[in-house]
Amino acid sequence: MDEKILIIGSSGQIGTELVIELRKIHGNENVIASDIKTSSEEVMNSGPFEYLDVMDERLLRDIVKRYNISQVYLLAALLSATAEKNIELGWQLNTRSHSHVLDLAKDGLIKKIFWPSSIAVFGPTTPNNAPQHAIMEPNTVYGISKLAGERWNEYYFNKFGVDVRSLRYPGLLGWKAAPGGGTTDYAVDIFYNAIKYGKYTSFIAENTQLPMMHMFDAIRATIQIMQAPANQIKIRSSYNLAGVSFSPKEIAAEISKHITNFEISYNIDYRQDIADSWPSSINDSNAKQDWGWRKKYDLENITKDMIANLQKKL
Ligand code: AKB
């Protein structure tokens, strides 16, 4: 029997692309998209969609039973910048939704979970090229909620045998859907503004390097870790995942190779403090070793791909 998959948060930056890729693999009818707002036309027109507020545990259980769901990808979350502005909602949404989904597996209703973590689990005391097992003292609501979630993943795996798999995503760059509420969002905004106006004002300082990744690689990693045999998943909290690290100045220089006279200026805001608390690069050797992870996109390819596709889209 093929899997029946529920994607919670199908209208977001990752969900928009992940639903389509999973539908290609498992069949349109077997991948149920869900969110509190409608998803992209491509998602809405290619398979089932359910309205779901993940805080509504009864409705979640009802959907899981109705479709006989075997796997859940929980993508709904408040990201780093938005959660700082709405502490209570950030904490509630990020932690309760996770417990609801872990409990579905504990109660035997589903077999496998994907839950994304983030580089935000690291903090100012984490060394650069952050090791898998590092000092982790996050100082943002989002980072604290993700670190708590990682501990719950491992706990539910050890205590109840829940097959939960997780990646610490860096900032993600894709052209299909814009991100919302993150600190790394500047690296997507910059492309929209470069194409539309030939200039961009960055809220992150010119030399601040952050770990980033092309959405294509992030989706590949997500599907790869979910398809890996269970005995290859040796880390049940969450795996470090690395793509490329760059600063606003470096990405602007790369964009200038395609858009002549592109100009970047800076107007730093509260998100700089968040960026400063994160490591500038990540060591993902455990993911490489355990389940064969390899990234494909570097800054040059990301830039080419983003510009080519956004020029068509816009
Ligand atoms: C954010 O900036 O909050 C996210 C993340 C790094 O998890 N993109």
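In each ligand, atom 1 is the first atom listed, and ligand 1 is the first ligand listed. Numbers for residues simply follow the sequence, beginning at 1.
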Using a strict cut-off of less than 4.0 Å between a Lys/Arg side-chain nitrogen and an Asp/Glu carboxylate oxygen, indicate whether E50 and R66 qualify as a salt bridge. yes

Salt bridge between K146 and E150, side-chain N to carboxylate O under 4.0 Å? no

Taking the side chain from R271 and the backbone from Y186, do they hold a donor-acceptor pair closer than 3.5 Å? no

The criterion is side chain to side chain contact (heavy atoms under 4.5 Å, CB included); which residues satisfy it with E263, sequence neighbours excluded? K199

Checking R23 now: which residues fulfil salt bridge (charged side-chain N to carboxylate O under 4.0 Å, His left out) with it, not counting sequence neighbours?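 Once residues adjacent in sequence are excluded, R23 has no partner under the salt bridge (charged side-chain N to carboxylate O under 4.0 Å, His left out) criterion.
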
For residues 40-86, the ring pair (Phe, Tyr, Trp, His ring centres under 6.0 Å) pairs (sequence neighbours left out) are Y73-F114

What does the list of residues with a heavy atom under 4.0 Å from ligand 1 look like, ordered by chain and number?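 Within the 4.0 Å shell of ligand 1, which is judged on heavy atoms, sit L79, S80, S118, I119, Y142, G182, T183, T184, W278.
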
